[in-house]
Amino acid sequence: MTTENILVTGGAGFIGSHYVRTLLGPAGPPGVRVTVLDKLTYAGDLARLAPVRDHPRFTFHRGDVTDAALVDALVGTHGQIVHFAAESHVDRSISSAGAFVRTNVLGTQTVLDAALRHGAGRFVHVSTDEVYGSVASGSCTEHAQLRPASPYAASKASSDLLALACHRTHGLDVRITRGSNTYGPWQHPEKAVPRFVTELLAGRKVPLYGDGLQVRNWLHLDDHVQGIELVRTRGRSGEVYNIGGGTDLSNLQLARLLVALCGAEPGMIEHVADRPGHDRRYAIDITKARTELGYRSRREFSQGLAETVAWYRESRRPTGARGGPGAAAVGAGDR
Ligand code: NAD
């Protein structure tokens with residue numbers, strides 16, 4: 001077994017697929033073998049993996065991270081695991097949290113159990129800044145208290161704690177990333193940026209939760225993937241790393257930028273009732289990733305956002321859009 005034999009769970013999703021495309025791309029580690037395990041829920045889309053489908057070092061398995069036998073078989077032949085698979089949409093977790101507990105908590109434990117059984121060399125757990133909850137002032141280091149508000153964030157915080165427990169109790173090499181709001185091409189249209197752009201381009205109004213003054217940190221997909229890969233290759237076992245971008249914006253500011261980029265009228269933003277438990281402000285301190293790993297966000301926000309809008313304009317195809325209960329109730333700032 002080689003240590004550069006990586007099992008990527010959730011690799012047909014927005015961030016996981018870009019991670020896989022990057023690993024197998026020209027700048028990826030030479031010789032790395034990548035296996036994706038993905039259930040292909042409404043959020044998964046094999047089209048995102050089309051660029052690597054015929055790559056000789058790529059394999060895809062459709063399956064569920066809670067399927068212990070399947071996970072055991074796959075983990076047994078891989079030295080490292082990068083764990084993206086999750087239910088990821090906050091609104092859906094508010095409507096119904098069961099799938100979030102099942103996939104995000106039980107699924108993570110299932111993969112951890114297999115990693116322990118087979119003595120996996122590394123387990124990178126992809127988490128989120130939402131676990132810290134709303135931050136009135138200042139910013140959260142990795143030692144800040146976890147105060148998740150939504151069932152989604154609570155399920156991610158639970159999985160972080162289980163992964164860290166596995167390190168402390170059994171010595172598994174676990175590394176956790178906590179990334180901020182990620183934007184870029186090929187995101188499911190239930191999420192804020194693609195939802196806004198696709199609606200505006202179709203000439204429809206976009207819904208903005210409450211007063212729109214909720215603040216989020218925006219991280220380009222390239223930078224999120226760069227941060228995860230730095231944690232995998234240079235991070236320390238048992239450590240958590242915040243990964244953020246250089247731009248903080250209120251949802252209203254973001255909506256106005258997207259209206260302008262789509263060439264729409266300012267009146268196309270429609271305020272709707274706020275989401276229950278909506279966090280006012282996320283803010284992470286990324287000093288640790290910068291100083292220990294040499295991480296810095298490279299993508300300039302206005303250019304990254306313009307390119308992202310251009311991508312949706314050109315593709316005009318709602319990626320992975322098979323609808324569902326959460327798809328209708330979205331405002332800016334959602335993941
Ligand atoms: P996504 O919803 O686009 O992709 C999730 C993928 O997981 C999909 O391909 C889906 O089919 C798969 N999946 C879901 N349940 C599964 C199961 N039971 N078994 C196997 N596969 C399953 O999510 P994303 O935005 O790419 O996020 C990936 C990870 O990054 C998640 O863990 C999320 O919490 C985290 N994250 C996301 C953001 C963001 O802004 N999108 C920010 C920080 C952290």
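Atoms considered below: every heavy atom in the structure, side chains included; atoms not considered: hydrogens, waters and symmetry mates. Counting starts at 1 for both ligands and their atoms, in listed order.
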Let me have the donor-acceptor pairs involving side chains of residues 6-29, under 3.5 Å, with sequence neighbours excluded, atom names and distances please.
| unit_1 | atom_1 | unit_2 | atom_2 | d |
| --- | --- | --- | --- | --- |
| Thr9 | OG1 | His83 | ND1 | 2.7 |
| Thr9 | OG1 | Phe84 | N | 3.0 |
| Thr9 | OG1 | Ala85 | N | 3.1 |
| Ser17 | OG | Gly13 | O | 2.6 |
| Ser17 | OG | Phe14 | O | 3.3 |
| Ser17 | OG | Arg21 | NH1 | 3.1 |
| His18 | ND1 | Arg21 | NH2 | 3.0 |
| His18 | NE2 | Asp222 | OD1 | 2.7 |
| Tyr19 | OH | Glu229 | OE1 | 2.6 |
| Tyr19 | OH | Arg232 | NE | 3.2 |
| Arg21 | NH1 | Arg48 | O | 3.0 |
| Thr22 | OG1 | His18 | O | 2.6 |

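Between Ala86, Gly16, Gly44, it is Ala86 that holds the heavy atom closest to atom 5 (C) of ligand 1. Considering Thr182, Thr103, Thr110, Ile15 only, the shortest heavy-atom separation from atom 37 (C) of ligand 1 involves Ile15.
Sorted by first then second residue, the side chain to side chain donor-acceptor pair (under 3.5 Å) pairs that include residues 255-272, not counting sequence neighbours, number zero.
The ligand atoms of ligand 1 that sit less than 4.0 angstrom from a heavy atom of Phe84 are 28 (C), 29 (C), 31 (C), 32 (O).
The closest approach between any non-hydrogen atom of Ser17 and ligand 1 is not below 4.0 Å. Note on ligand 1: Ser180 sits in its first shell, one or more heavy atoms being nearer than 4.0 Å.
Geometrically, ligand 1 and Thr41 share a nitrogen or oxygen pair separated by less than 3.5 Å. Geometrically, ligand 1 and Lys39 share a nitrogen or oxygen pair separated by less than 3.5 Å.
A cation-pi arrangement is present between Arg216 and Tyr282 under the rule of less than 6.0 angstrom and at most 45 degrees off the ring axis.
The pair Lys39-Asp67 does not meet the salt-bridge criterion, since no charged nitrogen lies less than 4.0 angstrom from a carboxylate oxygen.
Residues Glu292 and Arg236 have side chains in contact (heavy-atom distance under 4.5 Å, counting atoms from C-beta outward).
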